[in-house]
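Order of appearance sets the numbers: ligands from 1, and atoms from 1 within every ligand. We count residues from 1, following the sequence as given.
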Amino acid sequence: MSNSILTEVSLEGTSPYELRVGLSENVSESTVKKALELGDIGFLHSFTTGSAVDGPGIRVVAWTAGCQFRCLYCHNPDTWHMMNGMAVPIDRAIAEISRYRHGLKVMSGGFTLSGGEPLMQDRFAARLLTAAKSMGIHTALDTNGFLGERLSGQELEQIDVVLLDIKAWDPASHKNVTGKDVGPTLDFALRLAKHGRAIWLRYVLVPGVTDDEKDIDQIAAFAGALGNVQRVDVLPFHQLGRHKWEKLGINYALNKVSPPAAELVDRVCRQFRAAGLKAH
Ligand code: SF4
């Protein structure tokens with residue numbers, strides 16, 4: 001590992017809510033280019049341990065930096081830019097996962113690659129997930145699915161479950177919420193179904209933004225027809241990431257939005273259940 005890649009910040013984070021910026025500012029453009037081509041270096045916000053919400057069992061999670069979406073409710077806007085992350089050689093990232101391999105097996109847990117958007121660094125993602133899988137560790141990829149076509153069929157086999165976010169159904173609404181088109185995410189979901197890879201669908205519920213009944217019915221019908229969606233997590237919007245928007249000086253449109261009422265969360269869960277899905 002070259003010294004330009006080492007940083008003083010600990011790879012292990014207390015939580016993904018820790019604000020981290022500019023950790024790779026000194027990494028040269030050619031190093032970044034090569035890293036993206038080969039996946040020999042990843043740009044990571046942090047590793048965290050002990051998560052019970054990022055896949056089955058207790059998880060070790062690597063949070064990547066870099067995302068092409070700009071979700072109105074993003075709680076980690078410091079992960080939008082890859083250069084905010086720490087440049088971590090693949091061997092070091094693999095060694096970090098390896099430290100927990102026995103514990104994860106005992107606890108029926110595993111490794112989750114999250115972000116940011118992990119497939120912005122698809123070569124690093126593929127190498128890391130493959131390495132975890134070859135250690136006998138359960139693997140999960142948490143993704144918005146937009147760049148799913150970057151993974152080969154063989155690489156999909158290395159992922160036990162994909163935590164797939166569908167942010168909205170209606171194209172205009174999806175663009176409003178994320179800044180990008182919904183089509184590639186839906187194509188990836190169809191491809192995962194074709195390959196028989198399990199999906200845990202995630203839906204972030206924001207009152208007045210993503211609570212449209214018809215839109216949710218459409219997502220539910222699509223997900224129900226896929227045949228590989230094992231569960232749906234309806235994630236109530238919260239304000240935990242607001243301080244990051246403020247500190248980064250980015251305009252935050254949801255300042256006045258409250259978390260959804262329990263009745264609304266129930267209604268959305270019922271909509272997914274009506275399509276034959278397990279929703280929580
Ligand atoms: S996809 Fe995730 S990381 Fe990217 S902007 Fe949306 S919420 Fe944030």
Side-chain angles (χ1 to χ4, degrees), residues 13 15-21 23 42-48 51 53-55 59 61-86 112-122 124-125 140-151 162-171 173-189 192 199-207 209-211 219 232-255 257 259-260:
S15 95
Y17 295 110
E18 216 179 300
L19 182 78
R20 294 188 167 194
V21 290
L23 299 182
F43 296 87
L44 300 181
H45 174 279
S46 58
F47 266 87
T48 58
S51 165
V53 295
D54 295 295
R59 318 292 296 182
V61 184
W63 306 90
T64 59
C67 185
Q68 73 286 66
F69 280 20
R70 293 290 176 266
C71 299
L72 296 175
Y73 49 69
C74 182
H75 52 232
N76 288 319
D78 51 336
T79 65
W80 288 352
H81 301 291
M82 225 169 58
M83 294 300 93
N84 279 345
M86 189 182 316
T112 301
L113 188 61
S114 185
E117 170 48 52
L119 296 183
M120 293 282 284
Q121 306 178 52
D122 54 288
F124 180 80
L141 170 68
D142 180 11
T143 177
N144 62 35
F146 192 80
L147 300 173
E149 92 283 345
R150 289 186 174 186
L151 295 179
V162 175
L163 312 179
L164 184 68
D165 290 306
I166 299 183
K167 316 273 188 183
W169 179 265
D170 174 67
S173 168
H174 192 274
K175 197 138 201 172
N176 172 49
V177 172
T178 70
K180 292 283 181 188
D181 292 332
V182 65
T185 300
L186 302 182
D187 288 347
F188 187 48
L192 289 170
I199 291 178
W200 285 18
L201 184 67
R202 297 178 134 191
Y203 188 74
V204 180
L205 179 59
V206 189
V209 180
T210 62
D211 59 354
I219 296 175
V232 179
D233 290 302
V234 176
L235 307 174
F237 165 73
H238 58 66
Q239 292 281 9
L240 291 177
R242 181 162 67 183
H243 73 284
K244 288 193 175 182
W245 289 71
E246 284 162 4
K247 284 194 181 139
L248 294 168
I250 322 169
N251 183 41
Y252 181 56
L254 305 185
N255 250 321
V257 178

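In terms of protein heavy atoms, atom 2 (Fe) of ligand 1 is closest to Lys167 NZ, 4.0 Å.
Relative ring orientation between His238 and His75 is described as parallel, the plane-to-plane angle staying below 30° on a 0-90° scale split at 30° and 60°.
Distance alone, capped at 3.5 Å, is enough to place a donor-acceptor pair between the Glu117 side chain and the Asn144 backbone.
Contact between Asn144 and ligand 1 is present, with at least one heavy atom of the residue lying under 4.0 Å from the ligand.
Atom numbering of ligand 1 starts at 1 in the shown order; those under 4.0 Å from a heavy atom of Trp80 are 5 (S), 8 (Fe). Under a 4.0 Å criterion applied to the non-hydrogen atoms of Cys71, ligand 1 contributes the atoms 1 (S), 5 (S), 6 (Fe), 7 (S). Interface atoms of ligand 1 facing Cys67, defined by a heavy-atom separation under 4.0 Å, are 1 (S), 3 (S), 4 (Fe), 5 (S). Under a 4.0 Å criterion applied to the non-hydrogen atoms of Gly116, ligand 1 contributes the atoms 3 (S).
The one candidate from Asp165, Thr178, Thr210, Leu254 that meets the side chain to side chain contact (heavy atoms under 4.5 Å, CB included) condition with Cys71 is Thr178. Ser114 pairs with exactly one of Thr48, Asp142, Thr64, Thr79 by the side-chain hydrogen bond (donor to acceptor under 3.5 Å, both in side chains) rule, that one being Asp142.
Aromatic ring centroids of Phe43 and His81 lie 6.0 Å or more apart.
Not a single N/O/S atom of Cys74, whether from backbone or side chain, sits less than 2.8 Å from atom 6 (Fe) of ligand 1.
Between Val177 and Phe69 there is no side-chain heavy-atom pair separated by less than 4.5 Å.
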